[in-house]
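Below is one structure, written out as structure tokens, with a few remarks after it.
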There are 2 protein chains.
Amino acid sequence: MNTAVEAVVPPPGPGPGSAFLLAQIGAHAAGRFAERIGALDLTPPQTGLLRAVAAAPGQSQQALASVLGTPPSRLVALVDQLDERGLVERRRNPADRRLHALYLTSAGEELLRRIADVGREHDDAICAALDDGERATLRALLARIADEQGLTPGVHPGYRHV
Amino acid sequence: MNTAVEAVVPPPGPGPGSAFLLAQIGAHAAGRFAERIGALDLTPPQTGLLRAVAAAPGQSQQALASVLGTPPSRLVALVDQLDERGLVERRRNPADRRLHALYLTSAGEELLRRIADVGREHDDAICAALDDGERATLRALLARIADEQGLTPGVHPGYRHV
DNA sequence: GTCAAATCATTACAAGCTAGAACGATTCTC
DNA sequence: GAGAATCGTTCTAGCTTGTAATGATTTGAC
């Protein structure tokens, strides 16, 4: 778990601003999610890669690196780890033998289903303070912020290793 | 700026869950805030320390480390940087000369006012998609989540260096 | 009243992670 | 067919961070 000094006591006055609360809760949510998938022996980056492969099977590592915003050299080690565990596999493209197209194995698909379960549990735990209507309201507000801020749906910068 | 692989394509179905949106937007907000205070030659940890000192002047470094959740050895370098720039000062406690009580200088207080301005601008930019009523709704929902999740008001784990 | 244990700040050290450049293999372009 | 470009990989250097040892000072026990 990551521990570091950070912004403290936001703009004094009417309590913390929305941006501070978003950063605080966002970091908390990411940390808790990392704990949960840690029970599946996965790190957040590994989970992100699994999901990206599932969303678009057959992509090259270069393309994935571009989408995920990570240097290609980092993907190599990540793919190695998942490959060794039999979750993804590299297939050489016969048409262009430079490329390694990535696919999920059946074990990878099975694990991804469990990740989805964990994600729902996580979501429910984070929003425990809110009823269904309030959760819908929150989701709508957040979606509008994410859209206006130009955030790529489904991608966000990573936090830390586990 | 930090770039790393992360969770992608959250629980398929009715779009991303709230927890994912929170993590995504939170990381984005933290990154943008880091950029803004970077214009003042400050990193997020430095800003956090300045605010913590302002909130409770005269604290020992040990006490601050405990509040901020950082190892004391890290605080030393942090305080050094701020001390060299004349923003905080260490005063030996005459009653217990082991302790270094920390205080803001007038320059530190002046800078803190500018940080507060930056914080307000930042908050406004992040919530640009929402009108005043919606911002109040969002703030209220977030505050309830933060409270229910047991988050210490004004403190959150740090992201990264600038 | 003195000596051992505890506390605080600091320094030294080691380990981990990351980004970027350099490197073979392969393919595209002219 | 030759040179430039692309892809995956490896290597390396830099940085950040946490833990452990150090020195000064205080507290508590006897």
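Remember, predicted model here, so these are calculated numbers, not experimental data. Residue numbering restarts at 1 for every chain, and letters A, B, ... go by the order of the sequence lines.
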Letter per nucleotide, 5' to 3', of nucleotides 1-10 of chain D [B base touched, S only sugar-phosphate touched, - untouched; heavy atoms, 4.0 Å]: ----BBSSBB
Joint cluster assignment, B:Val53 & B:Leu99, ILVMFWY side-chain distance < 4.5 Å: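 Different clusters.
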Hphob cluster co-occupancy, A:Leu112 + A:Val118, side-chain heavy atoms under 4.5 angstrom: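 Yes; tracing contacts between hydrophobic side chains, which count when under 4.5 Å, links both residues.
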Atom pair CD (B:Glu134) and OG1 (A:Thr137), whose distance is rounded to the nearest 0.5 Å: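 Going from CD on B:Glu134 over to OG1 on A:Thr137, the span is 10.5 Å.
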Between [atom2] on [N] and [atom1] on [X], what's the gap in Å once rounded to a whole number?
X	N	atom1	atom2	result
A:Leu68	C:dT18	CG	P	14 Å
B:Leu78	D:dT16	CG	C1'	12 Å
B:Asp83	C:dT10	CG	C1'	14 Å

Contacts of type side-chain hydrogen bond (donor to acceptor under 3.5 Å, both in side chains), residue B:Gln62, not counting sequence neighbours: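 Per chain and number, B:Gln62 pairs via side-chain hydrogen bond (donor to acceptor under 3.5 Å, both in side chains) with no residue.
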side-chain hydrogen bond (donor to acceptor under 3.5 Å, both in side chains) partners for B:Gln59, two or more places apart: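 Partners of B:Gln59 by the side-chain hydrogen bond (donor to acceptor under 3.5 Å, both in side chains) criterion come out as none, since no residue qualifies.
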B:Arg92 vs B:His100, side chain to side chain donor-acceptor pair (under 3.5 Å): CA-CA, chis, key distance, verdict: CA-CA 5 Å; B:Arg92 287 217 103 102; B:His100 279 177; 3.1 Å; yes
Pairs flagged by side-chain hydrogen bond (donor to acceptor under 3.5 Å, both in side chains) wherever residues 101-112 of chain A is involved - sequence neighbours left out: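 Listed once each, the pairs are A:Glu110-A:Arg113.
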End-to-end axis angle, where each axis spans five pairs of the helix from C:dG1-D:dC30 to C:dC30-D:dG1, to 10°: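 Nearest ten degrees gives 10° for this helix.
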A:Thr152: partners by side chain to side chain contact (heavy atoms under 4.5 Å, CB included), with sequence neighbours left out: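 For A:Thr152, the residues satisfying side chain to side chain contact (heavy atoms under 4.5 Å, CB included) (neighbours in sequence not counted) are A:Val155.
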